[in-house]
Amino acid sequence: MNTKPSLVAAVSAVLVLLFAGSATAQTAANKKAVINKTRDLMSKIPAQHQKLLSSGMNRILQLAQVLNDDHSKMGDAGTITISPKAGLAAAIAPLAPIPGPGPGGTTRVSDPRLDFVDSVMTGFTQSETSSAWCGNTVVAGYNDSGAFARTATSFDAPWSFSSASYSSDGGRTFVDIGVMNPGTDPINFIAGDPVVACTSPTQFYYSSIFASGVDSSGNFFNGVAVNTSSDGGRTWSNPVAAVAKDFNHGIDKPWLAADPTNANRLYVTYTDFDFSGFSGLPGARCPNDIRYAIELVSSTNGGSTWGAPVTVHEECYFAGGFNGVQGSNPVVAPDGTVYVGYEFYPAAVPNNEIHLAKSTDHGQTFAAPVKVSDVLPNGNFGLLQGGFRNNEFPQVAIDRSRGSSRGTIYVAWSDGIDNLVQDQPFLIGTYAYPDVMVAKSVDGGHTFTVPQAVSPQPSSFTGRGRDQFFPGLAVDRRGAVGVCYYDRRQDPQNTVIDRYCSVSQNQGASWQEHRVSAANWIPAHASDEVINLFYIGDYDALTNDFLLQHGGFFGAFEVQTKGNPDVVAARLATED
């Protein structure tokens with residue numbers, strides 16, 4: 001793990017003081033032990049697949065390094081008193097709509113008044129967004145290092161690296177709640193990678209990595225947390241573990257979906273980095289081997305309880321030829337069929353693959369996956385110009401309109417296959433400028449069309465290439481398809497970043513482009529001391545009105561026009 005020296009000098013000093021001043025030493029020791037167990041497990045993943053770990057998991061690993069750093073030069077911790085912060089209340093009391101439009105006419109989603117309130121080293125990165133839209137209510141979830149600054153005031157406090165904002169006027173104005181509720185157990189740590197879903201204008205759900213918790217038997221676990229709101233995102237329940245596994249398992253990259261045919265049925269998918277095959281316990285699916293698996297859990301009572309994990313796709317690493325899987329994305333069709341898209345990493349060929357698996361029995365079993373397309377890793381093996389990480393994880397959406405296109409499945413991802421250039425052959429090799437691609441299926445996911453770029457590189461572009469990445473995908477009530485993504489076409493040097501959306505009114509036959517960020521920005525991803533140095537996020541999702549009452553799309557996304565990451569949004573209309 002690469003970490004700047006100032007991280008050790010600043011954040012570790014704070015955390016060691018918190019440890020020293022903890023009222024319950026056992027709680028501190030337990031929380032540190034839980035985080036260290038996750039670190040130790042993830043360190044066993046083969047080097048070529050370390051890059052598969054999500055931003056949330058990398059954040060846990062970075063925190064583990066801070067907690068275990070040598071503090072011998074930090075001085076006498078007992079001479080300094082650190083009291084819990086009241087920054088949230090001081091900055092916005094009471095919570096109120098965020099003033100003013102965002103840059104370039106966008107809507108502000110995260111509140112910039114909270115930046116730097118609790119810390120000059122952390123507390124000012126909001127990124128990696130997911131939104132849910134039901135009627136006139138919109139809730140956006142995002143990673144928030146400010147939430148961490150407000151909750152990690154001691155080891156005796158439950159921690160959260162996530163927050164949300166809600167809107168009751170269709171996404172025109174938002175209120176930042178400041179922190180996603182981590183519950184009351186001091187061992188709890190909600191570590192980010194949020195996904196939001198809704199089933200009514202009041203009922204919302206929020207999933208995230210559960211880096212540590214305690215089950216009903218008192219055993220520590222890691223897994224996936226789901227919080228519930230019954231008042232349109234204003235307040236949230238304590239987290240419920242949708243999946244909880246012992247420390248033979250590393251649970252990563254969760255995603256949440258709601259069933260449009262049953263408001264009480266929810267699905268969560270995730271990746272299980274499973275080392276239980278080395279434990280000697282009976283029943284291990286990959287004996288004496290590492291198991292990479294996309295799994296699904298489901299709830300039939302609105303997230304109160306969750307069923308046993310179901311395997312969507314698994315690979316035994318050594319026995320299966322060094323393959324891997326990651327980046328799952330579930331969606332539910334208008335007839336209740338469950339589809340899960342994800343990226344497959346075959347070791348034997350140069351390209352990765354986009355896969356889609358299907359369940360016709362509400363996620364109890366899955367048919368063999370279908371390969372949607374080959375995909376070439378973006379940039380320089382997942383690292384884009386400017387030094388930040390990227391992925392090709394797919395986004396899946398299904399047409400639930402009443403027209404002839406109902407049931408059409410769309411899959412979007414970024415692919416470097418069409419613009420691969422030589423770049424510093426001795427040190428780098430090649431660089432793949434990615435395009436956002438879309439393929440569709442009209443036969444229930446059995447076959448897919450040849451992928452097409454939604455916005456090919458303009459003929460007027462004068463540079464070597466431009467990056468498009470992190471596409472979000474949705475289909476509205478009339479069957480219009482929306483894809484929103486980051487784009488560097490405004491800069492021949494491929495440096496500044498804009499947000500574009502492409503909309504198709506004819507099932508992907510043609511696309512109309514919209515620039516939704518009139519103010520572009522240069523990535524400053526190393527500005528926050530508790531954020532991985534190579535991180536600007538892993539995704540920014542797009543949504544339509546789940547209740548099909550309104551047309552168009554809503555998408556939150558990250559900007560850095562102030563020099564630090566904030567979340568803004570744009571709403572696209574598709575109807576007169």
Handout entry: Spatial distance of atom CD (Q512) from atom OG (S504) [nearest 0.5 Å]
Key =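 The OG atom of S504 is 10.0 Å from CD of Q512, to the nearest 0.5 Å.
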Completion exercise
Separation between CG (N238) and CG (N181), nearest 0.5 Å, reads 5.0 Å
Does [X] have any ring pair (Phe, Tyr, Trp, His ring centres under 6.0 Å) partners at least two apart in sequence or in another chain, and if so, which?
{"X": "Y339", "value": "none"}
{"X": "F553", "value": "none"}
{"X": "W521", "value": "none"}
{"X": "W413", "value": "none"}

Residues two or more places apart in sequence or in another chain: which of them pass side-chain contact (heavy atoms from CB on, under 4.5 Å) with [X]?
{"X": "A132", "result": "V196, C198, F204"}
{"X": "A197", "result": "L256, A258"}
{"X": "N264", "result": "N262"}
{"X": "T408", "result": "D399, S405, Y410, K440, V442"}

Handout entry: Side-chain donor-acceptor contact under 3.5 Å, S517 with D498
Key = yes
Handout entry: Q385 and N494: side chain donor to acceptor below 3.5 Å
Key =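 Yes - a donor-acceptor pair under 3.5 Å links their side chains.
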List the residues meeting side chain to side chain donor-acceptor pair (under 3.5 Å) with [X], not counting sequence neighbours, and say none if there are none.
{"X": "R489", "answer": "S455, D487, E513"}
{"X": "D272", "answer": "K245, H249"}
{"X": "T202", "answer": "S200"}

Handout entry: Sequence neighbours excluded - side chain to side chain donor-acceptor pair (under 3.5 Å) pairs with any residue from residues 128-138
Key =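 Residue pairs passing side chain to side chain donor-acceptor pair (under 3.5 Å), neighbours aside: S55-E128, E128-N143, T129-D540, N136-H550.
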Problem - Close aromatic pair by centroid cut-off 6.0 Å: Y539 and W255 - result: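 Yes, the ring of Y539 comes within the 6.0 Å limit of the ring of W255, centre to centre.
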Practice task
Kindly state whether the ring of F388 and the ring of Y486 have centres lying under 6.0 angstrom apart.
Solution key: no
Handout entry: Matching residue for F210 among W159, F161, F221 - test: ring pair (Phe, Tyr, Trp, His ring centres under 6.0 Å)
Key =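 When ring pair (Phe, Tyr, Trp, His ring centres under 6.0 Å) is applied between F210 and each of W159, F161, F221, only F221 qualifies.
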